Amino acid sequence: MDVDLHPPDDYSHRFFIWHEWIQAHGPLTAENAFDYFTTSMFYDKQSNNQVLRMQTMHTGVPLVNEAEELKRFTGIEFALVHAEPPSLFIIHKRERLSPDEVRPLAVYFILNNRIYQSPDVYTLISNRLLTSLHSLQKSLDTLRSNRPAYTPRTGFVWPIAEPSDAASSKKRAAEGESEPAAEPPEDVPGDRGLAASSKDTKRQQNSMLLLNAMRTTAVHARESFQLPAAPSEEPVPETPLTATAGRSSVTPAPVPRVGTPKGPSNAPTPQDPPVKGPPGGGKKKKKRTSTIPPQTS
């Protein structure tokens, strides 16, 4: 059951029109607009205007200047303050405190033969705020119902959908652009998949750009963190083991001078296997050899 929450004397949600009166008296003018207003439910039968009309009803003398006569009274009165015949008329309901002082109480307007009560500032602002809050609530409910699932890696990520052709055509129609006439499709073999692939062209381009960026990043990271290449394998000269026992340095020790040997020795000299330096250790050491002086007789 619908319940009317408006007070009994609040007619801000209603309007008044009387077609028979308009047909009988003709279009509204500045002279008969107030007479048309007095037939509506907005008019107060206890106002000063009605009292003045009752006083002059049986005298047979018409009111020449009603506004000047109303200055002799104090209380509620109505006055036509603006007229744009035949479509717009504005009437004030006000309280007269003195011949020169009045206080507005309400505003009514006649628009296309319909009488409305103008809303006050409080009603106007509250209605606008209520409309805005309703739209915001409706938008939040829509977002809540279509919220994507939460993932620990990305959180709540909203999918960005590509605009459809129907939405684009509606937008162009709203802007007033004429759509080109659709041409009949030609039966060309091999074109069946062309229409389907055209929708994903932009998405594929974005995917290719992302893939190229990932490849470039991978190559740059591989080159940045790769160890320097090992030196090319070249024959390393052997270094004779002439150092004393217990010396384990890579650099060979100097060879001491040996006295005159008793005779040439044909036994092979023990040699250590070639020792390679660490990769990138610098320049290679040249072999140091000891020269044996010739035997003198």
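Only heavy atoms go into these numbers, but all of them, side chains included; no hydrogens, no water, no symmetry mates. Note that the structure is predicted; figures quoted are calculated from it, not measured.
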Quiz item: Do the non-hydrogen side-chain atoms of K93 and I76 ever get within less than 4.5 Å of each other?
Solution: yes
Quiz prompt | Side chain to side chain, R53 and D35, heavy atoms closer than 4.5 Å | solution = yes
Exercise. Determine, using ring centers only, whether F16 and F42 are less than 6.0 Å apart.
Key: no
Quiz item: Taking side chain as C-beta onward, heavy atoms only, is I22 less than 4.5 Å from Y36?
Solution: yes
Quiz prompt | Under 3.5 Å donor-acceptor, N212 side chain and M208 backbone | solution = yes
Practice problem: Using the rule that two of Ile, Leu, Val, Met, Phe, Trp, Tyr join whenever any of their side-chain heavy atoms come within less than 4.5 Å, decide whether Y116 and L88 are in one cluster. | Solution: yes
Self-check item: L52 and E77: CA distance, side-chain angles, deciding distance, side chain to side chain contact (heavy atoms under 4.5 Å, CB included) verdict
Solution: CA-CA 10 Å; L52 186 60; E77 67 178 29; over 6 Å; no
Quiz item: For I17 and N113, which heavy atoms make the closest approach, and how far apart are they?
Solution: CG1-O, 3.3 Å
Quiz item: For the atom pair NE2 (H134) and OG1 (T131), what is the distance rounded to the nearest 0.5 Å?
Solution: 8.5 Å
Self-check item: Side-chain touch F34/N49, heavy atoms, less than 4.5 angstrom
Solution: yes
Quiz prompt | Those residues that, when tested against R114, pass salt bridge (Lys or Arg N to Asp or Glu O under 4.0 Å) (two or more places apart) | solution = none
Quiz prompt | For T216, all residues meeting side chain to side chain donor-acceptor pair (under 3.5 Å), sequence neighbours excluded | solution = none
Quiz item: Measuring from S118:OG to I91:CD1, what's the distance to the nearest 0.5 Å?
Solution: 12.5 Å
Exercise. Indicate yes or no for a side-chain donor-acceptor contact from R96 to the backbone of P99 under 3.5 Å, with no hydrogens or angles considered.
Key: yes
Quiz item: What's the spacing between N48 CG and E69 CD if we round to 0.5 Å?
Solution: 12.0 Å
Self-check item: Heavy-atom pair of closest approach, residues A213 and T217
Solution: O-OG1, 2.8 Å
Quiz item: Side-chain heavy atoms under 4.5 angstrom apart, residues restricted to Ile, Leu, Val, Met, Phe, Trp, Tyr: same cluster for I90 and F15?
Solution: yes
Quiz item: Using 4.0 Å as the upper bound for N to carboxylate O, is an ion pair formed by D141 and K138?
Solution: no
Quiz item: In Å, rounded to the nearest 0.5 Å, how long is the span from CD1 of I125 to CG of L130?
Solution: 13.5 Å
Practice problem: Enter the distance from L111:CG to E84:CD here, rounded to the nearest 0.5 Å. | Solution: 10.5 Å
Quiz item: Once you round to the nearest 0.5 Å, how far does CZ of R103 lie from CD of E95?
Solution: 4.5 Å
Practice problem: Verify the cluster assignment for V121 and L129: are they in a single hydrophobic cluster under the rule of side-chain heavy atoms below 4.5 Å apart? | Solution: yes
Quiz item: Does E20 CD have over 12 foreign heavy atoms under 6.0 Å away?
Solution: yes
Quiz item: Looking at side-chain heavy atoms only, is the closest gap between N32 and W21 below 4.5 Å?
Solution: yes
Practice problem: Start with the C-alpha gap between H82 and F109, add the side-chain angles, then the distance that decides, and say whether side chain to side chain contact (heavy atoms under 4.5 Å, CB included) holds. | Solution: CA-CA 9 Å; H82 183 76; F109 59 94; over 6 Å; no
Quiz item: Do V102 and H92 touch side chain to side chain, with heavy atoms closer than 4.5 Å?
Solution: no
Quiz item: Same cluster for V81 and Y43 if Ile/Leu/Val/Met/Phe/Trp/Tyr side chains link at under 4.5 Å?
Solution: yes
Exercise. Taking the side chain as every heavy atom from C-beta outward, state whether T38 and F78 have any pair of such atoms under 4.5 Å apart.
Key: no
Practice problem: Kindly give the heavy-atom pair with the smallest separation between F89 and A30, and that separation in Å. | Solution: CE2-N, 4.0 Å
Quiz item: Do M54 and V51 come close enough that some side-chain heavy atom pair is under 4.5 Å?
Solution: no
Exercise. For L28 and P85, work out which heavy atoms get closest and say how close.
Key: O-CB, 3.8 Å
